[in-house]
Amino acid sequence: MTLVKDPVPAARSTRPAASATTERTGRRRENLAGYLFMSPWIAGFLLLTAGPMVASLYFAFTDYNLFSSPRWVGLDNFTKMFADPRWQKSVEVTAKYVIIGTPLKLLLALGVALLLAQSRRGQAFYRAAFYAPSLIGASVSVGFVWRSLFSDGAIVDRTQSFFGWHVGGWVGNADWVLYCLVALTVWQFGAPMVIFLAGLKQVPRELYEAAEVDGAGPFRKFWTITLPMISPVLFFNVLLETIHSFQIFGSAYVLSNTQCGPADATLVYTCYLYQQGFKNAQMGFASAMAWMLLLAVALVTAVLFWSQKKWVHYEEDAR
């Protein structure tokens with residue numbers, strides 16, 4: 001008897017290989033489609049972010065004035081920077097602005113969020129009204145309006161003179177103009193307020209009810225329940241607002257009538273960087289300043305992340 005091999009198993013054995021090939025082809029097409037849709041973002045990142053960053057890193061070690069070819073000078077820009085009195089002044093003004101403005105803005109945002117977290121009539125209107133300054137506060141037009149409000153003889157000057165406080169307009173006073181800038185920043189507390197409000201909504205009501213049974217008052221409930229429960233949100237706001245404070249430019253530039261003064265009173269770091277790069281055409285020096293700012297922000301961010309282990313409480317840690 002002659003045995004005839006069944007061709008079916010051979011045909012069946014080829015199906016897994018064909019299926020794997022088809023699957024790999026489908027994956028390649030999906031990846032290609034994904035890269036195609038991402039190509040505008042990739043091109044923008046390479047041309048507008050990564051490329052300029054690499055170029056500025058090179059310029060930081062060169063003498064480049066925008067009108068001639070860069071000339072390699074090594075660390076001369078950084079040596080010149082640390083010996084520059086105006087650079088030291090810009091660091092001082094920026095540090096003062098960050099230390100004063102950021103906590104005040106967050107305290108006001110948290111206070112208003114605590115009020116809006118309670119159910120009341122017109123709650124949606126109040127939320128929108130308090131959030132609106134965050135949308136328009138960074139615009140040039142608001143900077144002009146703010147400068148007119150705090151100028152000599154303006155409404156702020158007349159109001160404080162009515163109460164016997166004669167200091168003149170804040171904009172023209174070197175001792176007060178920075179506080180005018182801080183007030184403009186604090187006025188834009190809407191964005192962190194919304195984030196705080198979202199965090200407050202996540203606090204379980206059962207914790208407050210149990211605290212009331214134990215006789216806890218409003219302050220104790222805030223300190224032992226609210227603050228620990230929203231500490232991740234607080235950390236996020238502190239980190240975000242601190243980084244934004246280091247990058248302040250438009251408000252200071254407009255408020256001081258493009259002079260960052262008087263007497264360099266509003267000479268924040270980015271304002272001096274702009275002057276060196278685009279007014280004095282010292283692009284190499286400005287690039288070195290930009291990288292020093294990046295290192296400073298990275299250092300502050302690292303310190304904040306290190307400190308969060310001591311005061312930020314996550315639900316995973318509680319478990």
Side-chain angles (χ1 to χ4, degrees), residues 41 95-139 142 181-248 251 296-319:
W41 181 89
K96 189 176 180 180
Y97 170 80
V98 172
I99 293 173
I100 297 176
T102 302
L104 288 178
K105 184 177 183 178
L106 293 176
L107 284 174
L108 183 60
L110 179 57
V112 175
L114 289 170
L115 293 176
L116 294 181
Q118 305 173 11
S119 299
R120 62 182 73 246
R121 293 183 60 183
Q123 192 173 39
F125 168 78
Y126 289 119
R127 290 178 182 177
F130 284 122
Y131 181 71
S134 295
L135 299 177
I136 62 175
S139 64
V142 172
L181 181 60
V182 170
L184 175 57
T185 301
V186 174
W187 178 64
Q188 306 170 37
F189 67 89
M193 178 205 70
V194 171
I195 298 175
F196 277 133
L197 191 58
L200 291 171
K201 292 296 184 179
Q202 302 301 318
V203 180
R205 304 305 304 174
E206 295 81 4
L207 297 178
Y208 294 114
E209 295 173 358
E212 290 178 358
V213 172
D214 293 338
F219 178 79
R220 187 168 184 82
K221 286 190 291 185
F222 171 78
W223 189 258
T224 59
I225 298 176
T226 304
L227 205 56
M229 292 297 293
I230 67 170
S231 57
V233 175
L234 178 61
F235 170 72
F236 177 79
N237 271 335
V238 169
L239 180 63
L240 207 62
E241 293 302 325
T242 301
I243 294 175
H244 287 168
S245 296
F246 275 104
Q247 298 173 339
I248 181 68
S251 301
V297 172
L299 179 61
V300 172
T301 302
V303 171
L304 288 175
F305 271 98
W306 171 80
S307 67
Q308 71 163 334
K309 301 176 182 179
K310 300 181 179 180
W311 59 277
V312 180
H313 306 280
Y314 295 99
E315 294 184 4
E316 292 79 5
D317 299 335
R319 296 175 184 174

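Hydrogens, waters and symmetry mates play no part in the numbers below; they use all other heavy atoms, side chains included.
For CH2 of Trp311, the number of neighbouring non-hydrogen atoms (other residues, nucleotides, ligands) closer than 6.0 Å is greater than 12. More than 12 non-hydrogen atoms from other residues, nucleotides or ligands lie less than 6.0 angstrom from NZ of Lys201. In this structure, Tyr126 places its OH atom where only 12 or fewer heavy-atom neighbours from other residues, nucleotides or ligands lie under 6.0 Å away.
Distance CD1/Ile195 to CD/Glu241: 7.5 Å, rounded to 0.5 Å. With rounding to the nearest 0.5 angstrom, the CD atom of Gln188 is 11.0 Å from the NE2 atom of His244. Here the straight-line distance linking atom CG of Leu227 with atom CG of Leu234 works out to 6.5 Å at 0.5 Å rounding. To the nearest 0.5 Å, atom OG of residue Ser245 and atom CD1 of residue Ile99 are 11.0 Å apart. A distance of 12.0 Å separates CG of Leu108 from OG1 of Thr185, quoted to the nearest 0.5 Å. The structure places OG of Ser134 at 9.0 Å from CH2 of Trp187, a figure rounded to the nearest 0.5 Å.
Of the candidates Leu106, Leu104, Leu107, Leu181, Leu104 is the only one forming a side-chain contact (heavy atoms from CB on, under 4.5 Å) with Val186.
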> What's the verdict on side-chain contact (heavy atoms from CB on, under 4.5 Å) for Thr102 and Val238, showing C-alpha distance, side-chain angles and the deciding distance?
Replying inline: CA-CA 8 Å; Thr102 302; Val238 169; 5.6 Å; no
>> With side-chain contact (heavy atoms from CB on, under 4.5 Å) as the criterion, how do Glu212 and Lys221 come out once you've worked through the C-alpha distance, each side chain's angles and the decisive distance to 0.1 Å?
In response: CA-CA 8 Å; Glu212 290 178 358; Lys221 286 190 291 185; 3.2 Å; yes
>> Test side-chain contact (heavy atoms from CB on, under 4.5 Å) on Leu239 and Gln308; report intermediate values, then the result.
In response: CA-CA 11 Å; Leu239 180 63; Gln308 71 163 334; over 6 Å; no
>> What verdict does the side-chain contact (heavy atoms from CB on, under 4.5 Å) test give for Leu110 and Asn237, after you've listed the backbone C-alpha separation in whole Å, the side-chain angles of each residue and the deciding distance to 0.1 Å?
In response: CA-CA 10 Å; Leu110 179 57; Asn237 271 335; over 6 Å; no
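In summary, the aromatic rings of Phe246 and Tyr97 are positioned with their centroids too far apart to meet the 6.0 Å limit.
Between Phe189 and Phe130, the ring planes are tilted. Angles from 30° to 60° get that label.
Between the side chain of Gln202 and the backbone N or O of Ile230, no donor-acceptor pair lies under 3.5 Å.
Scanning all heavy atoms of the two residues, the minimum distance from Arg127 to Leu197 falls at NE-CD2, 3.3 Å. Closest approach of Val233 and Gly199 over heavy atoms only: CG2-CA, 3.9 Å.
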